[in-house]
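As the structure is a prediction and not an experimental result, all values here were calculated from the model.
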Amino acid sequence: MTIGLSHGGTTIYSSPVLSEQVLVGTREGVVTIARDASGSDWRVTHRTIPDKHISAIMKEPESGLTFAGAFHGGVMVSADDGKTWEARNDGMTQNNVYSLAAKNINGRVRVFAGTEPAHLFVSENLGGNWKELPALRSVPSVPKWTFPAPPHIGHVKHINFDPEKPTTIYASVEVGGLLRSTDGGEHWEEFFSLYEDVHRLMIHPTQANFLYAVTGRGLYTGPEGGARWEQWTRREDEIGGYPDGFVFRPSDPKLMFMTAAHDAPGTWRTTHFAGARISRSKDGGRTWEILKNGLPERMQASIEAFCLEEAGAATAIYAATTAGEVICSEDLGDSWKVIVKGLAPISKAGHYRALTQAA
């Protein structure tokens, strides 16, 4: 088995056994890391497409294909678990890809790509060709979509689907807000009561009306399908005021893990310090504990990719940083270890630049 670890791709996996390989999306392409014969140590086995800064890696289970998106590099597809890649961009009018997702909708696999500027594209033939879903840009807030860093253009940072109604799609626009379509992307609505800097939208696997919105001001929940929102973590919280990574254990969704920087990336240009932490909740996100066994008090680097794989009683959690490290826990967060280091930065767009300068 092989899974992907990236900023804008798949983050929760359910597998028959824990994967032997992880494809890591870096500033210099896709790096494959693999367990050794003992199963406890890891090594780099392949490096591919080094001229691409990878934004998202997604495994499409029905076809077995792996999709990779790249910042200013379009979409690539691999049929051999990341050893070789081909570009599939016919119909993509934007090539700055931030997010990828796929869903079987009405018996057909549809692959979605979110870009900067914030557009949403869909392919119904596994990337053979793409078409835009233009209605995403018909909501009232579009003229206000922006981003703090130049060129100040918003992007589709995350894509997710209702687990019970696959035609219901959520798009998180940074900075713009959370959008929802109930008809496969033909029409969209936005949530005006939610803070507009939305990083990702996660959905309770058995209670589809319970939404978790990870934002630049903390974690919000929408217990009534987003009709109202409650703020559960805040900027001043010790777990970190700028959360991004967010996963739960599929068999026990009350068990959650979240990554957060101490403050927003705008501060990193002067501090060169993200102050990142990983936290765990055992009660569905109401309370959080900071995880430390094998982790520093605060990380200088930012955690820019985060995923969880559950295989029966076994669970592995992976985090990757702007310092080029991959960190893993196989005991539900009780302890952590660096399994690979020395990679190119794992980074959303240019975040790594501020954090690789000397303080």
Examine distances only and state if a side-chain atom of Asp237 and a backbone atom of Ile239 form a donor-acceptor pair shorter than 3.5 Å.
no
Sidechain-backbone polar pair: Ser99 side chain, Val156 backbone, donor-acceptor under 3.5 Å
yes
Tell me whether the centres of the aromatic rings in Tyr212 and Phe210 are closer together than 6.0 Å.
yes
Give a yes or no on whether Arg235 atom CZ has more than 12 heavy-atom contacts from other residues, nucleotides or ligands under 6.0 Å away.
yes
Pair Lys59 + Asp81: basic N to acidic O under 4.0 Å:
yes
With a 3.5 Å distance limit and no angle check, can you tell me whether Asn160 reaches the backbone of Leu201 through a side-chain donor-acceptor pair?
yes
As a test of understanding, state which of His155, Glu196, His199 forms a side chain to side chain contact (heavy atoms under 4.5 Å, CB included) with Val175.
Glu196
Judged by atom type as modelled, is there a donor-acceptor pair below 3.5 Å linking the side chain of Glu60 to the main-chain atoms of Glu62?
yes
Answer yes or no: is there an ion pair linking Glu190 with Lys144, defined by an N-O contact shorter than 4.0 Å?
no
Consider only side-chain N and O atoms of Ser55 and His53, and report whether a donor and an acceptor are under 3.5 Å apart.
no
Are Phe161 and Phe112 close enough that their ring centers fall under 6.0 Å?
yes
Hits for side-chain hydrogen bond (donor to acceptor under 3.5 Å, both in side chains) against Thr32, two or more places apart or cross-chain, chain-then-number order -> none
Sequence-distant partners of His351, ring pair (Phe, Tyr, Trp, His ring centres under 6.0 Å), two or more places apart:
Trp268
Would you find more than 12 non-hydrogen atoms of other residues, nucleotides or ligands less than 6.0 Å from Lys83 atom NZ?
yes
Test item: side-chain donor near acceptor, Ser15 and Glu309, under 3.5 Å
yes
Under 3.5 Å, side chain of Ser281 to main-chain N/O of Thr287, donor-acceptor pair present?
yes
Salt bridge (charged side-chain N to carboxylate O under 4.0 Å, His left out) evaluation trace for Asp334 with Arg280
CA-CA 9 Å; Asp334 287 341; Arg280 176 175 61 192; 2.8 Å; yes
If the threshold is 4.0 Å, N to carboxylate O, is there a salt bridge linking Asp244 and Lys157?
yes
If you measure only the distance, is there a donor-acceptor pair under 3.5 Å linking the side chains of Trp288 and Thr233?
no
Considering only NZ, NE, NH1 and NH2 on the basic side and carboxylate oxygens on the acidic side, decide whether Glu330 and Lys337 come within less than 4.0 Å.
no
Can you sort out the partners of Arg47 under side-chain hydrogen bond (donor to acceptor under 3.5 Å, both in side chains), two or more places apart, ordered by chain and number?
none
Go through the steps to decide whether Lys341 and Glu325 satisfy the test salt bridge (charged side-chain N to carboxylate O under 4.0 Å, His left out), and finish with yes or no.
CA-CA 4 Å; Lys341 58 184 178 181; Glu325 293 183 331; 6.0 Å; no
Before giving the answer on side-chain contact (heavy atoms from CB on, under 4.5 Å), spell out for Phe257 and Arg249 the whole-Å C-alpha distance, their side-chain angles and the decisive distance to 0.1 Å.
CA-CA 9 Å; Phe257 299 86; Arg249 195 181 189 192; 5.7 Å; no
Within the side chain of Arg277, is there an N or O that forms a donor-acceptor pair under 3.5 Å with the backbone of Met258?
no
Would you find more than 12 non-hydrogen atoms of other residues, nucleotides or ligands less than 6.0 Å from Arg43 atom CZ?
no
Expected output: side-chain Arg110 to main-chain Gly184 donor-acceptor under 3.5 Å
yes
Does atom CG of Asn106 have more than 12 heavy-atom neighbours from other groups under 6.0 Å away?
no
